[in-house]
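Data first, discussion second: the structure below is written as structure tokens.
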2 protein chains.
Amino acid sequence: MVTINDIAQQAGVAKSTVSRYLNGGSVSQKTKDKLDTLVAETGYRPNTFAQSLKAKKTAIIGTIIPRLDSYSANEALISIDKGLREKNFQLLITNTNQDVKREIESIYSLASQKVAGILLFATVVTEAHKKAIADVAIPVILLGQQAGGLYSIVHDEYDAGFKIGKYATDLGHKNFLYLTVLKADVAVGQMRKKGVLDALSESKETTIELVETSFTFEEAYEQIIHLLPDVTASYIICATDNIALAVLKAAHQLKISIPNVFSVSGFGGYQITTVVSPTITTVKYAYQELGEIAVENLLLLLEGLPVPKKTILKNKLIESESTKRLN
Amino acid sequence: MVTINDIAQQAGVAKSTVSRYLNGGSVSQKTKDKLDTLVAETGYRPNTFAQSLKAKKTAIIGTIIPRLDSYSANEALISIDKGLREKNFQLLITNTNQDVKREIESIYSLASQKVAGILLFATVVTEAHKKAIADVAIPVILLGQQAGGLYSIVHDEYDAGFKIGKYATDLGHKNFLYLTVLKADVAVGQMRKKGVLDALSESKETTIELVETSFTFEEAYEQIIHLLPDVTASYIICATDNIALAVLKAAHQLKISIPNVFSVSGFGGYQITTVVSPTITTVKYAYQELGEIAVENLLLLLEGLPVPKKTILKNKLIESESTKRLN
DNA sequence: CAATTAAAAAGAACCGGTTCCAAAAAGCAG
DNA sequence: CTGCTTTTTGGAACCGGTTCTTTTTAATTG
């Protein structure tokens, strides 16, 4: 690989001159011409390590995502990528495969790679997270989860849950099955659920059964196909669209008609909810906006400017074919 | 940020001693203990830039993907990520947003970041690609597309197309609509199509109309919803599962019953084809295997070992509910 | 206990850039 | 043509690690 020294030597100038040339400093027309051709010929590109080593910083933003096939993370990543590109930052994506330990590792690992900032799609926020974030002296913004004292951008999970609960009881439903995810997930497992429960409790004589399932489609499907025949509820509230899809498939497999036997709704507003039949009632989250604000805030932090500790994003109920009025 | 010099100074030893300690060289128990606590206290982590600068290489593999929400790329990325992690390599993902110019840029950019190797999910392979790959003296493997002289791992596109064509004519279909993508895409736009056409030509009195559409669901849907009412064919061959999904949605919107009015099939074997109703007949590609082989071959190349220039992956026809026998 | 050997630590050079400062070259006015 | 200013260039130091060589310290042995 050709280095700045090679270029300097071939041009018969000092490497400091080449460096100045590369960075738009004052060089004579003569040496400029000489270096122009030399750089073009050799295809020379500065070693970014050497640059970053000297500069003590990079133009790289690290993102930590739980899964590579997460719809919500991908949607947000698209706008993050776009936003960063406009500001000449590079995006580094790290996958943790939903392993909390790897989330922590990734924070440290990104820090030793001297990324300028970190966007963390956390599943849970433990003390280890807080310690890691404090240890690495790098701006970190949590996405989709919140924790006291840390910068975070979150969806209004409680409101989303409440909207669904209200909507379902307004349709006249009384008996519910709620397919949730592990409680440790504060945003989905707790806030969202609390919204649902609060809304249901405003209506008379409602019952709700809680069953914990998985984020992944396959695991959820396996569980649901066994569970579905015994469901007596008239409305299944799924904690994510993925779970709702699993219910739909299981129902189709078991020849259970939706929404006639029971109504189903999800959370997320994944595009796929509009593609399947029946289309799924859901709450659409502002993933794209999440990404935009994440980039905006992170870049402000990098400049040392003040940024709100917590941003809450609005969502929207999308009424669709998978739910039915009872009264 | 704490550096090796800080550690050395606080421990009262030379930085070379600290380096030796960190890399498992011989150090006395006394200094070992001292450094143990010091490193733990300060949370010291070596600056990877400085390390890579000296080592003149990294343990990072760069991947270039056309879209962040590409199912096929994501499926492959999952196994790539897994494979690399096992070998202690890090994965760096670069998105090009389907911009060929950015594909080329990314190759150079990854090179100046001194990645050990590059996995390129190319959409097309131009001369500029070949030049870039030659310029950067780094192993590059093309995924999903092929080009003379370059390492590549591809799906058997021709065979996939032929399978669908054979299957459809066996069902008794004669009149086809083929929704394809831009011709510049050799793998999908040409090879796959050729397989279909060859299979159809083996059957008597078949007609086929070709219409070019987009890789993205939304664009394809917009086009198809206008086109569908006038379709006279009995079978719509979609060049990707995404397009097939768009046809399904448009049909549902227009109250056209599939497979009764016409049959529909895709290519890819996306999970979602098994979730929708009707489930979609498709050819399932070995994305996971693609990722595994990609990692395996790239690591062999890094060791200077011989690797086949071209690997062709098998695929499998998945017969499903979206297609119907005519005879 | 001195001589020999092994283990541990220190010191310097290097990786490939950037930046600061001093030196050289060029330009300009009197 | 001289002296002064401005522009261009060269040299050295530095970023934070690793590695090689040399020196110091500790252990072993006759």
Side-chain angles (χ1 to χ4, degrees), chain A residues 1-36 38-39 42-60 90 108-116 136-138, chain B residues 1-36 38-39 42-60 90 108-116 136-138:
Chain A
M1 203 69 218
V2 46
T3 72
I4 199 171
N5 282 303
D6 301 334
I7 301 288
Q9 204 176 348
Q10 286 180 51
V13 298
K15 68 171 178 175
S16 51
T17 304
V18 180
S19 176
R20 235 177 309 110
Y21 158 81
L22 291 168
N23 296 291
S26 70
V27 277
S28 68
Q29 192 59 43
K30 209 175 63 190
T31 53
K32 186 173 181 309
D33 292 344
K34 200 160 43 180
L35 289 172
D36 274 343
L38 215 45
V39 166
T42 57
Y44 167 72
R45 299 211 116 214
N47 182 329
T48 51
F49 288 135
Q51 291 182 313
S52 306
L53 177 57
K54 178 68 181 176
K56 291 183 142 190
K57 63 170 185 178
T58 62
I60 300 176
Q90 233 225 316
Y108 286 112
S109 152
L110 287 173
S112 71
Q113 285 177 66
K114 296 286 175 288
V115 298
V136 305
I138 292 177
Chain B
M1 202 71 215
V2 47
T3 72
I4 198 172
N5 282 304
D6 301 333
I7 301 288
Q9 204 177 348
Q10 285 179 51
V13 298
K15 68 172 179 175
S16 53
T17 304
V18 180
S19 177
R20 234 180 312 110
Y21 157 80
L22 291 168
N23 295 292
S26 71
V27 278
S28 69
Q29 192 59 43
K30 209 175 63 190
T31 54
K32 187 173 180 310
D33 292 343
K34 202 160 42 179
L35 290 173
D36 274 343
L38 215 44
V39 166
T42 58
Y44 167 72
R45 300 210 114 216
N47 182 328
T48 52
F49 287 134
Q51 290 182 314
S52 308
L53 176 58
K54 177 70 181 173
K56 290 183 142 190
K57 62 170 185 178
T58 62
I60 300 176
Q90 233 226 313
Y108 286 113
S109 151
L110 287 173
S112 71
Q113 285 177 66
K114 296 284 175 289
V115 297
V136 305
I138 293 176

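Side chains are part of it too, since the values below use all heavy atoms of this structure and drop only hydrogens, waters and symmetry mates. Keep in mind the model is a prediction, meaning the values are calculated, not measured. Chain letters run A, B, ... following the sequence lines, proteins first, then strands; residues in each count from 1.
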Problem - Nucleotide interval of DNA chain D bounded by contacts with chain A (heavy-atom cut-off, under 4.0 Å) - result: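 Terminal contacting nucleotides, 5' to 3': D/dT8 to D/dG16.
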Handout entry: Test ring-ring contact (aromatic ring centres under 6.0 Å, His included) applied to B/F49 - qualifying residues, sequence neighbours left out
Key = A/F49
Exercise for the section: Classify the nucleic acid contact of A/Y21 as base, sugar-phosphate or nothing, counting any heavy atom under 4.0 Å across all strands shown. Expected result: nothing
Exercise for the section: Identify whether any heavy atom of B/T3 sits under 4.0 Å from a base atom; if not, whether one sits that close to sugar-phosphate; answer base, sugar-phosphate or nothing. Expected result: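 Sugar-phosphate contact only.
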Can you list everything that forms a side chain to side chain donor-acceptor pair (under 3.5 Å) with [X]? Sequence neighbours excluded, please.
X      : result
A/S28  : A/T31
B/S109 : B/Q113
B/R45  : none
A/Q51  : none

Output side-chain donor-acceptor pairs under 3.5 Å for residues 53-60 of chain B, partner residues at least two apart or in another chain, one line each.
from	atom 1	to	atom 2	distance (Å)
B/T58	OG1	B/I60	N	3.4
B/T58	OG1	B/K114	O	2.7

Practice task
Indicate yes or no for a side-chain donor-acceptor contact from A/T48 to the backbone of B/S112 under 3.5 Å, with no hydrogens or angles considered.
Solution key: yes
Handout entry: Side-chain (A/K34) to main-chain (A/A11) donor-acceptor, under 3.5 angstrom
Key = yes
Practice task
Measure the OG1-CG distance between B/T17 and B/L35 for me, rounded to the nearest 0.5 Å.
Solution key: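 That separation rounds to 8.0 Å.
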Fill in the blank from the handout: Interatomic distance, CG@B/N47 vs CE@B/M1, rounded to 0.5 Å, equals 8.5 Å
Practice task
Determine to 10° how strongly the helix from C/dC1-D/dG30 to C/dG30-D/dC1 is bent, judged from the axes of its five-pair ends.
Solution key: 40°
Protein-nucleotides 6-12 of chain C N/O pairs closer than 3.5 Å?
from	atom 1	to	atom 2	distance (Å)
C/dA9	OP1	B/S28	OG	2.6
C/dA9	OP1	B/T31	OG1	3.2
C/dA9	OP2	B/S28	N	3.0
C/dA9	OP2	B/T31	OG1	3.3
C/dA9	N7	B/R20	NH2	3.3
C/dA10	OP2	B/A14	N	2.6
C/dA10	OP2	B/T17	OG1	3.0
C/dA10	N7	B/S16	OG	3.2
C/dG11	N7	B/S16	OG	3.2
C/dG11	O6	B/S16	OG	3.1

Practice task
Name all residues meeting the salt bridge (Lys or Arg N to Asp or Glu O under 4.0 Å) criterion together with A/K32; count only those two or more places apart in sequence or in a different chain, and write none if there are none.
Solution key: A/D36
Practice task
Output all residues satisfying salt bridge (Lys or Arg N to Asp or Glu O under 4.0 Å) with A/D6, sequence neighbours left out; order by chain, then residue number.
Solution key: none
Practice task
Compute whether any side-chain donor of one residue and acceptor of the other, for B/Q9 and B/N5, lie under 3.5 angstrom apart.
Solution key: no
Problem - Nucleic acid contacts of residues 46-54 of chain B, taken as heavy-atom distances under 4.0 Å to DNA chain D - result: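 Those residues are B/P46, B/N47, B/A50, B/Q51, B/L53, B/K54.
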